[in-house]
Amino acid sequence: MNRINKLFENKKQEILSVYFTAGYPGVNDTREIIKQLAESGADLVEIGIPFSDPMADGPVIQKSNDKALKNGMSLRLLFEQLKDIRAEVNIPLVMMGYINPVMQYGIGRFSEKCHETGIDGIILPDLPFDVYMQEYKQVFDRFNLHNIFLISPQTSERRIKMIDEASNGFVYMVSSSSTTGIRGSISKEQEDYFVRLRDMGLKNPKLIGFGISNHKTYAHACKYAQGVIIGSAFIKALDGEGSLKEKITRFVKAIRG
Amino acid sequence: MNFNVDESGFYGEFGGAFIPEMMYPNIKELREQYLKILADKSFQDELRLLLKDYAGRPTPLYRSARLSGLYNTNIFLKREDLAHTGAHKINNTIGQILIAQRLGKTRIIAETGAGQHGVATATVCALKGLKCVVYMGKLDVERQQPNVLRMKMLGAEVVPVYSGNMTLKDATNEAIRDWINNPVDTHYIIGSVVGPHPYPDMVTRLQAVISEEMKWQLKEHTGKEEPDYIIACVGGGSNAAGSFYHYLDKPKVKLIAVEASGKGVDSGESAATMVLGRPGVLHGSRTMLMQDEDGQVIEPYSISAGLDYPGIGPMHSFLFKTGRVIFDHATDDEALKAAFQLTRTDGIIPALESAHALALLNKIKFKPDDVVVVNLSGRGDKDLATYMKYLDSFI
């Protein structure tokens, strides 16, 4: 069974998924960040593949992408770093990035490498639904990789149902019409959207991401979905004082409250 | 052969809409509405009137006697430099502002490199009284001060972009991010035949007025609608798409697109996407793209700020692959030389972009009875500072 499905079967609420950009802050921090996240009690880790033009990302993740590329991060290097990661880490791992680096690496080769490495899911925000169905689904399925789709407050009900039908891990609920980034609180408008989605009774569990940054927004969002995804706030925390272990432990603790 | 976009937004393997979900509703609305709006009579009436009375169309098709003598053939210049704001860009912005109004949008955003598209967008926003925000790389803001000032004079907000390399590619990223953050009231006027479907087709159709006019103008001059050659410069490719459009299905007309090879295709400082690129995805479409082996986009270089884009419109990638259009290139020096030549043969200062198309006249062996059209896409006032640096070397 795919580790993502296992996670959602065993845990129904307060699931914490954390995104980081591979190659940031240091090019060789990848393994240590994943290990520390797992040890601190994160439920799922999203490994970001850096790209030169991250069009859906706000300033914090843009900067981490730039720095990671300057540090020399690439998909090839990332797969080398992740070799045998499954000897140390058991929580689900998801790769997240833009389509072009994956396309250039080769979708078949990428999927096979993900499978070998023990990756459970893929998030490619600029991969269109129909192209996924025609060109990617079969390959992902063969290697037991779940494709995670995004939905936003503007996504129509009909489209949400279609996406839910085609999903088999979880649905990534973008919390507001925005790029990634830190916002202080959750608005009434967002809450209405969360309620609307909750009441639709999707077959897949939902994680809420974009703008979740602290215990308050975490706890608030957890009321409406199985859990949350945090990216920018975590990357900011990595800039702080102390060892990776200290920073990560402190961060996860603060979010859980 | 059919060179039009198919129902799913592709030209062969190129095109599509590789966009995050947050952009989907806007792109879907545009995709479902643009052909209906373009075909609507009230839209067409308003567009035609503005193109004529406001933008100054038709732009002349001018036979240059001295260039014709120099190259022993018949050379015509399609004078897009005489359109309002000084380039063909206004054809697209007038069309898109009318589309935006019909979609009920009240706020306009745009990206700009050299500032020509930014000025053309600020102009139509002033005309229609709509709020206008133009994203421009911080480096371009510094390099293209006159156009920044024009946009401000016209009431637009110019936002300098500090991300990436701070040029056109990054300005486009930032405009896309703005649209993601403002999904309801905003229309994004993309300046070229790039971006997710339906932009490449929509902008091509709006620029097609160039070749539509060429047909009857050539008939007046030469007795027939079809020339032997049409030559246009290409960055994203909107003036080339517009001047080729009505001749795509006329195989006898040789269509030549000229990319900027900067300091030479092998110099590492070039923008010749067709030579240096391979298929990839940038700004929402699959197209030829300058990128490293890991799929990271490479920053291009050209002396002309309007041609230094790492991708190219997906229709052009298809026209390149099928061989319908011949892609050639000209260096900075070749373009400068051609620009100075035109100022002295015809008293016309061309834009640096258009000078790349003129440079190709030296590379083709024409027959005396050939009819050659060069699309003079813009005027060179904005490039005077660059030209002045080279005045002594080329005259």
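Naming convention: chains lettered A, B, ... in sequence-line order (proteins, then strands); numbering from 1 in each chain. What's counted below: heavy atoms across the whole structure, side chains too, no hydrogens, waters or symmetry copies. Everything numeric in this text was worked out from a predicted model, so none of it was measured.
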If you count every heavy atom of other residues, nucleotides or ligands that lies below 6.0 Å from [X] atom [atom1], does the total exceed 12?
X      : atom1 : answer
B:E13  : CD    : yes
A:E157 : CD    : no
B:D266 : CG    : no
A:E189 : CD    : no

message = If we define contacts as heavy-atom pairs under 4.5 Å, which of B:S8, B:P20, B:G164 has the most with chain A?
response =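 Highest number of pairs under 4.5 Å: B:P20.
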So do the side chains of [X] and [Y] get within less than 4.5 Å of each other, counting heavy atoms only?
X      : Y      : result
A:T155 : B:E21  : yes
A:P54  : B:R177 : yes
A:R76  : B:E293 : yes

Could you tell me which portion of [X] (side chain, backbone, both or neither) has an atom closer than 4.5 angstrom to a non-hydrogen atom of chain B?
X      : result
A:Y105 : neither
A:Y172 : neither
A:P59  : neither
A:D66  : side chain
A:L150 : both
A:Q154 : both
A:M103 : side chain
A:D57  : backbone
A:I163 : side chain

query = Applying side-chain hydrogen bond (donor to acceptor under 3.5 Å, both in side chains), which residue pairs with at least one partner in residues 196-213 of chain A are found, sequence neighbours left out?
reply =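 Every pair satisfying side-chain hydrogen bond (donor to acceptor under 3.5 Å, both in side chains) with a residue in residues 196-213 of chain A: A:D164-A:N204.
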Quick one: [atom1] on [X] to [atom2] on [Y], what's the gap to the nearest 0.5 Å?
X      : Y      : atom1 : atom2 : result
B:F18  : A:I99  : CZ    : CD1   : 7.0 Å
B:N173 : A:M55  : CG    : CE    : 8.0 Å
A:D126 : B:S285 : CG    : OG    : 11.0 Å
A:T179 : B:M22  : OG1   : CE    : 7.5 Å
A:Y98  : B:L282 : OH    : CG    : 12.0 Å
A:S177 : B:M23  : OG    : CE    : 13.0 Å

inquiry  = Which heavy atom of A:F51 sits nearest to which heavy atom of B:V297, and what is that distance?
reply    =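 Result for this residue pair: CZ-CG2, 4.1 Å.
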message = Looking at every heavy atom in both B:S163 and A:Q62, which two are closest together, and how far apart are they?
response =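 For B:S163 versus A:Q62, the nearest heavy atoms are CB-OE1, 3.3 Å.
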query = Between B:Q296 (side chain) and A:P50 (backbone), is there a donor-acceptor pair under 3.5 Å?
reply =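 The answer is yes, because a donor-acceptor pair under 3.5 Å joins these two groups.
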ask   = Between the side chain of A:N100 and the main-chain N/O of B:G295, is any donor-acceptor distance below 3.5 Å?
value =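 Such a contact is found between A:N100 side chain and B:G295 backbone.
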Taking side chain as everything from C-beta outward and backbone as N, CA, C, O, which of these in [X] sits under 4.5 Å from a heavy atom of chain A? Side chain, backbone, both or neither.
X      : answer
B:P279 : backbone
B:I298 : neither
B:Y24  : side chain

task = Check whether the side chains of A:Q104 and B:D294 place a donor and an acceptor atom closer than 3.5 Å, and report yes or no.
result =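 A:Q104 vs B:D294: no donor-acceptor pair found between side chains.
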message = Which residues in residues 180-191 of chain B have any heavy atom closer than 4.5 Å to a heavy atom of chain A?
response =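 The list, in residue order, reads B:I180, B:N181, B:P183, B:V184.
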Pick from A:S152, A:P125, A:S156 with the largest number of heavy-atom pairs that fall under 4.5 Å of chain B =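 Going by pairs under 4.5 Å, I would pick A:P125.
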